[in-house]
Amino acid sequence: MAARSLWSGSINFGLVNIPVKLFPAVKDTSVRFHLLHDQDKVRLQRKMVCPADGKEVHPEHVVKGYEVAKDQYVVVQQSEIKSCAPEATRSIEITDFVDLSEIDPVYYERPYYLLPDKGAAKPYRLLLEAMKKSKKVGIARFVMRDKEYLAALRPVGDVVCIETMHFGEEVVATDELEGVPGDVKLNDRELKVAQQLIDSLATKFDPRKYHDTFKDCVMKLVDQKARGEKVHISQPREKRPGKAVDLMAALEASLKQAKAKAGAGVNGDLRRKRKSA
Amino acid sequence: MSGSAELKVGRRKVQLSNLGKVLYPDADFRKADVIEYYVAIAPVMIPHLKNRPVTLKRYPNGVEGKFFFEKQCPSHKPDWVPTEHVISESSSRGAVDYCLVNEPATLVWLANLAALELHTLLSRKPGLNQPTMMVFDLDPGAPATVIDSGRVAIRLRDLFEEMKLRSFAKTSGSKGIHLYVPLNTKVTFEQTKQFAQATAMLLEKRHPDKVTSVMKRDIRGGKVLIDWSQNDDHKTTASVYTLRARIRPTVSTPINWDELERAVKRNDPKPITFEARQVLKRVEKLGDLFEPVLKLKQKLPRL
């Protein structure tokens with residue numbers, strides 16, 4: 001495994017303890033753009049500016065405020081927020097095992113893979129096989145980067161997948177929605193036709209069939225432009241060629257001037273006799 | 001692999017583990033050796049680290065294993081290790097709490113985490129917006145070598161002398177030479193960065209066959225890149241006296257100009273390559289050649 005683990009700890013249930021490492025199961029492959037100035041393709045910077053006087057506010061003067069009422073803020077320090085962070089227990093505590101089909105996919109947030117740490121291959125395998133045989137998934141809690149997660153552990157091939165999940169209160173219940181069609185009369189014939197249509201499109205799920213066509217298109221575009229046009233690589237020299245060139249010219253001129261001033265001095269050289277540093 | 005102990009460093013107690021673990025297999029240099037080095041170098045190294053946010057480069061399985069950069073000070077840090085909260089747009093958390101290495105015990109604790117390399121910001125708390133020095137990383141593009149970097153360092157030194165600025169060199173401990181211009185006066189990163197770039201470009205103009213100021217890899221062949229872009233408020237540079245994770249336990253070591261000139265003249269990189277134990281002997285004999293970088297007050301010329 002080339003990627004490095006994001007987290008390490010252990011799976012715990014009952015008296016069993018399995019040291020594991022956590023790896024991402026999905027990669028972010030979306031196209032990222034940088035924001036440039038259209039005039040000279042300089043990469044733009046973000047600055048915090050105080051609207052009161054239009055002046056830049058430096059990071060050490062930026063604090064976090066919670067709006068308790070309109071325009072009224074309570075300032076909360078980072079250290080205070082930290083005091084609320086859950087204790088990093090380094091343990092994935094399985095509390096329940098449930099049927100996979102009972103968990104609606106809407107609860108799933110982000111998948112990771114768990115791999116056994118040193119010496120844990122056997123208990124890891126044991127958990128995996130037992131989950132496969134019983135067709136159950138483990139429900140667990142764990143803390144990663146100061147945040148507590150609810151998660152489901154389930155077998156994926158030869159690997160235990162841990163899927164972070166939304167807490168119940170985060171999921172919008174369908175009956176909170178407006179516009180859900182209720183009593184609509186359907187006749188059997190229409191239903192049969194709809195079912196037939198579904199059957200005619202039914203197949204096995206093959207993720208390879210589906211591509212992010214938007215990303216493919218944008219990357220093709222970028223490739224073409226890169227070949228045809230000069231690409232604006234974010235590289236500080238291209239960033240502000242004007243300014244740096246000006247500064248260099250000024251530096252060069254001032255050094256020449258200094259030399260000229262030194263006049264007939266020792267080869268016009270300003271070098272001091274050096275002591276070894 | 002085993003070997004645990006508790007080490008008393010000043011008034012702190014630091015738990016050590018896996019002391020026998022080999023971190024530099026080629027040199028049979030173990031974790032105990034790394035800790036020993038950092039304990040011994042602490043008196044001269046701490047003043048350079050003090051109040052400077054530090055990025056850790058950790059090698060839990062030695063220099064041949066995987067490594068990771070750690071900006072955020074580990075959450076399991078001892079209470080007595082201070083941190084500095086720095087808002088950072090590049091961080092996913094929006095801010096980074098860097099460790100501050102202000103006493104020898106912290107250095108020992110980090111060594112025990114196999115944080116072989118320590119990289120620091122160019123500014124110091126509380127003036128994080130003000131670089132205390134300007135730095136150039138002289139990175140040779142193969143087939144250029146550290147000797148070519150040394151030659152460029154000397155040219156750069158001469159250029160700074162024309163500006164009446166003193167500069168100081170250290171080995172990167174890796175392939176190149178780092179050149180520092182101490183400032184310790186009021187200046188911004190924008191100023192040092194632009195000035196550093198202008199200086200690099202001027203040297204490139206004078207020696208186009210030897211020097212480049214452009215980062216692109218393909219045009220660097222045989223030239224020395226004067227990397228001026230390190231002069232940035234969120235970039236870190238390998239600290240003076242840090243071990244490097246090379247095959248041998250080399251150290252980023254201050255060298256005086258005579259030494260560098262001699263090595264360049266003889267085209268021999270050996271006398272300017274230093275490993276941990278040699279560095280300790282040098283420091284005993286020569287003291288901290290980098291002390292002026294902390295103390296010397298200089299101003300960039302007005303242009």
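Owing to the predicted nature of the structure, the values given are computational and were not obtained by experimental measurement. Here is how names work: the chains are called A, B, and so on, in the same order as the sequence lines, proteins then strands, and each is numbered from 1.
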Value rounded to 0.5 Å, distance of CD1 in I87(B) from NZ in K64(A): 7.0 Å
Contact winner vs chain A - K205(B), E259(B), H76(B), heavy-atom pairs under 4.5 Å: K205(B)
Chain A contact via F195(B) - side chain, backbone, both or neither, heavy atoms under 4.5 Å: both
pair T199(B)-M248(A): side-chain heavy atoms closer than 4.5 Å: no
Rounded distance [0.5 Å steps], OG in S75(B) versus CZ in R90(A): 6.0 Å
Flag side-chain contact, heavy atom, 4.5 Å: L251(A) against M201(B): no
Separation of S5(A) OG from K66(B) NZ (nearest 0.5 Å): 7.5 Å
Option in A169(B), P126(B), A198(B) with maximal non-hydrogen atom pairs under 4.5 Å from chain A: A198(B)
Gap separating the CE atom of M163(B) from the CG atom of L255(A), nearest 0.5 angstrom: 5.0 Å
Residues, nucleotides or ligands: over 12 heavy atoms within 6.0 Å of K186(B) NZ: no
Residues H58(A), L128(B); criterion side chain to side chain contact (heavy atoms under 4.5 Å, CB included); working and verdict: CA-CA 10 Å; H58(A) 290 286; L128(B) 285 178; over 6 Å; no
E60(A) side chain near H85(B) side chain, heavy-atom distance below 4.5 Å: no
